Amino acid sequence: MSYQNWAGNFTYSATEMIKPESVEHLQRLVKEHRKIKVSGSGHTFNSITDTDGIFVSLRHWNRMLELNEERGTVTVEGGITYGELCAELAVTDYALHNLASLPHITVAGAAATGTHGSGSRNGSLAAAVEAVELVDANGELHTFSRGDAEFAGVVVNLGALGIVTKLTLKVVPAYSVRQFVYENLPLSQLEANAAGIFAGAYSVSLFTDWQQPRFHQVWTKCREEDGASYAGHADYYGALPATAPLHPLPNMQAENCTEQLGRPGMWHERLAHFRMEFTPSAGKELQSEYLMSREHVYQAALAVHRLREHLEPILFVGEVRTIDADDLWLSPFRDQPSVAFHFTWRDDWQAVERVLPLLEEALAPFNARPHWGKLFTVPADVLQGQFDKLPQFRKLIDKYDPDGKFSNEFLDTYIRAARK
């Protein structure tokens, strides 16, 4: 049997999927097999989760194990998705600080690849991690907690160190959110007002096809206790309020999007762009994303806009949003408040592959780091030079997976190479 990722653009080499019944069963599987990986939710677009050994599925390990109110944490099993965790937290007085655009992804997979939500003062999803439990290549169980010497290297682990069985996340008091969408923000507003635009709400996303010098939609997600959010803005830096719910992709119905027009809802009903019960985004698509220091947002936007003729035939939509800095070794946001340039492509890899080098060349002056789980063509030596803690991370590999049981072509090329 063959397995594909969520988008259907990648067929994995593994031909067997095993669902371990317990941690002890998982430990035995790891010991017994030469190559092994977790399949996760399949929402990566490249070969980072591939293996020519066996897949294990932890999707049935999807429980919220403990809510510790004294410490302000929640502990979950390694296969739980954000949608499932939100459903559990919804009946408590607690919440997560942020969510990605899609609630369908697993918590462990999002942390391992440095996946993020949005908000100038909000860290990535991995930034909420307080502890990680994983099984290493010898089948031994380890727990890493915030403050431990290796913790910052283990959180964004790219699946290179072991199989995550549990995660503990920081939680915050539950909150309500209103979502307002605005139309037609001039790109030129980023030159002088980028900080204000992205700080104008708890979470802000700018959408564009890059064909005009403007963003066709601005999605703002405002915590209800922020007084300015109650009625929204009559004018958002030149963008005007939408009068009906909108989908980020023009000509698509908004029914699968989270509620807009300022209708209040709990955090888990608004922070993601798409509802759990619907097919996210365009469905069959490809994705790329590049992350850089926030100071470069205007010049980077101009550079992307100059490529509009190359983008037009293959781009569904682009999204620009901000993320706060963190201290995690392989995080794209390490030590820099960041801006993300996201691209949702048509399902045409040959065409996308021709355009990516042009896009990466245009963004190279800004030291743009690609998202680990999306499509890119950045050379390995360039990518390795963008992460100063990579030598220390390789030492973790030598310690927890010296023979490459969890490795694959992607990790051998971009991470394990030149580790001696």
Side-chain angles (χ1 to χ4, degrees), residues 23-24 26-27 30-31 36-38 40 48 58 61 63-80 85 94 96-98 106-116 122-172 323-336 372 384 386-407 411 415-416 419:
V23 172
E24 293 75 19
L26 175 60
Q27 290 173 294
V30 171
K31 291 177 181 178
I36 186 169
K37 297 284 280 186
V38 175
I48 192 170
L58 303 185
W61 293 14
R63 294 177 300 162
M64 185 177 85
L65 298 173
E66 179 190 21
L67 179 64
N68 190 314
E69 297 187 45
E70 183 178 346
R71 295 182 179 179
T73 61
V74 61
T75 299
V76 300
E77 290 183 309
I80 198 169
L85 175 54
Y94 293 91
L96 301 176
H97 82 290
N98 214 346
T106 63
V107 176
T113 55
T115 296
H116 58 91
N122 299 327
S124 69
L125 303 182
V129 176
E130 293 289 302
V132 179
E133 180 186 274
L134 63 77
V135 175
D136 73 7
N138 292 320
E140 296 180 5
L141 196 64
H142 303 269
T143 299
F144 306 87
S145 300
R146 184 172 294 279
D148 294 349
E150 297 176 336
F151 175 81
V154 170
V155 178
V156 181
N157 59 67
L158 312 184
L161 303 179
I163 296 178
V164 173
T165 53
K166 289 181 188 177
L167 286 158
T168 298
L169 309 176
K170 196 72 177 174
V171 293
V172 298
I323 309 95
D324 204 1
D326 61 42
D327 63 351
L328 306 175
W329 291 1
L330 294 191
S331 168
F333 321 108
R334 176 175 166 78
D335 295 339
Q336 62 178 28
W372 290 112
Q384 291 162 5
Q386 294 178 318
F387 293 90
D388 64 328
K389 288 289 189 178
L390 186 54
Q392 289 90 326
F393 186 77
R394 287 173 177 149
K395 291 180 180 179
L396 293 183
I397 292 177
D398 289 338
K399 181 176 180 179
Y400 295 109
D401 186 23
D403 297 323
K405 180 170 289 192
F406 304 116
S407 197
L411 295 173
I415 302 300
R416 294 175 66 93
R419 73 191 221 282

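Model, not experiment: these values are computed from the prediction.
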**Q** For Phe406 and Val30, which heavy atoms make the closest approach, and how far apart are they?
**A**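 It is CZ-CG1, 4.1 Å.
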**Q** Test side-chain contact (heavy atoms from CB on, under 4.5 Å) on Asn68 and Thr75 and set out the steps.
**A** CA-CA 8 Å; Asn68 190 314; Thr75 299; over 6 Å; no
**Q** Under a 4.5 Å cut-off applied to non-hydrogen side-chain atoms, are Ile163 and Leu134 in contact?
**A** no
**Q** Once rounded to the nearest 0.5 Å, what's the spacing between atom CG of Asp403 and atom CG of Asn138?
**A** 8.5 Å
**Q** Would a 4.5 Å heavy-atom cut-off, applied to side chains only, mark Asp324 and Asn122 as touching?
**A** no
**Q** OG/Ser331 to CD/Gln336 distance, rounded to the nearest 0.5 angstrom?
**A**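 Spacing of OG (Ser331) from CD (Gln336) equals 8.5 Å.
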**Q** Would you say Arg71 has more than 12 foreign heavy atoms packed within less than 6.0 Å of its CZ?
**A**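 No, not enclosed.
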**Q** Could you grab the distance from atom CZ of Arg394 to atom CD1 of Ile415, nearest 0.5 Å is fine?
**A**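 Output value for this atom pair is 7.0 Å.
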**Q** Do the side chain of His97 and the main chain of Ala128 share a donor and acceptor less than 3.5 angstrom apart?
**A**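 It does not hold such a pair.
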**Q** Tell me every residue that passes ring pair (Phe, Tyr, Trp, His ring centres under 6.0 Å) with Tyr94, counting only those two or more places apart in sequence or in another chain.
**A**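 Ring pair (Phe, Tyr, Trp, His ring centres under 6.0 Å) list for Tyr94, sorted by chain: empty.
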**Q** Compare every heavy atom of Thr73 with every heavy atom of Glu130, then report the nearest pair and how far apart it is.
**A**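 Scanning both residues completely, I find the closest heavy atoms to be CG-CG2, 4.2 Å.
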**Q** CD of Glu77 to CG of Leu58: how many Å apart, nearest 0.5 Å?
**A** 9.0 Å
**Q** Of all residues at least two apart in sequence or in a different chain, which pass the salt bridge (Lys or Arg N to Asp or Glu O under 4.0 Å) check with Glu133?
**A**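 Partners of Glu133 by the salt bridge (Lys or Arg N to Asp or Glu O under 4.0 Å) criterion come out as none, since no residue qualifies.
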**Q** Which heavy-atom pair separates Ala111 from Ala126 by the least distance, and what is that distance?
**A** O-CB, 3.8 Å
**Q** Ignoring hydrogens and angles, tell me if any N or O in the side chain of Trp372 forms a donor-acceptor pair with the backbone of Val156 under 3.5 Å.
**A** no
**Q** Regarding Asp136 and Lys399, does a basic nitrogen lie under 4.0 Å from an acidic carboxylate oxygen?
**A**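 No.
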**Q** Does Thr168 reach the side chain of Val74, with side-chain heavy atoms less than 4.5 Å apart?
**A**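 No; the side chains remain at least 4.5 Å from each other.
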**Q** Counting N and O atoms only, with roles assigned by atom type, does the side chain of Lys37 sit under 3.5 Å from a partner on the main chain of Gly159, one being a donor and the other an acceptor?
**A**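 Pair found, side chain donor or acceptor close to backbone of Gly159.
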**Q** Step by step, would you call Asp148 with Val154 a side-chain contact (heavy atoms from CB on, under 4.5 Å)?
**A** CA-CA 10 Å; Asp148 294 349; Val154 170; over 6 Å; no
**Q** Let me confirm one number: the CG-CG distance from Leu328 to Asn157, rounded to the nearest 0.5 Å.
**A**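 Those atoms lie 10.5 Å apart.
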**Q** Got Leu96 and Val171 here, is their nearest side-chain heavy-atom distance under 4.5 Å?
**A**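 They are in contact (side-chain heavy atoms under 4.5 Å apart), so the answer is yes.
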**Q** Can you tell if the side chain of Asp401 reaches within under 4.5 Å of the side chain of Arg416, non-hydrogen atoms only?
**A** yes
**Q** Rounded to the nearest 0.5 Å, how far apart are CD of Gln384 and CZ of Phe393?
**A**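 Gln384 CD to Phe393 CZ: 12.5 Å, rounded to 0.5 Å.
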**Q** Show your reasoning for whether side-chain contact (heavy atoms from CB on, under 4.5 Å) applies to Leu161 and Ile397.
**A** CA-CA 6 Å; Leu161 303 179; Ile397 292 177; 3.8 Å; yes
**Q** Considering non-hydrogen atoms only, spot the tightest contact between Leu85 and Met64 and give its length.
**A** CD1-SD, 3.9 Å
**Q** If you look at every heavy atom in Gly78 and Ala108, which pair is closest and at what distance?
**A**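 For Gly78 versus Ala108, the nearest heavy atoms are O-CB, 3.5 Å.
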**Q** Just wondering, more than 12 heavy atoms not from Lys405 lying within 6.0 Å of its NZ?
**A**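 Yes, enclosed.
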**Q** State, to 0.1 Å, how close Ala127 and Asp326 come at their nearest heavy-atom pair, and which atoms those are.
**A**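 Nearest heavy atoms, Ala127 then Asp326: CB-CB, 4.4 Å.
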**Q** Start with the C-alpha distance between Trp61 and Val23, add both sets of side-chain angles, then the distance that settles side-chain contact (heavy atoms from CB on, under 4.5 Å), and finish with yes or no.
**A** CA-CA 10 Å; Trp61 293 14; Val23 172; 4.1 Å; yes
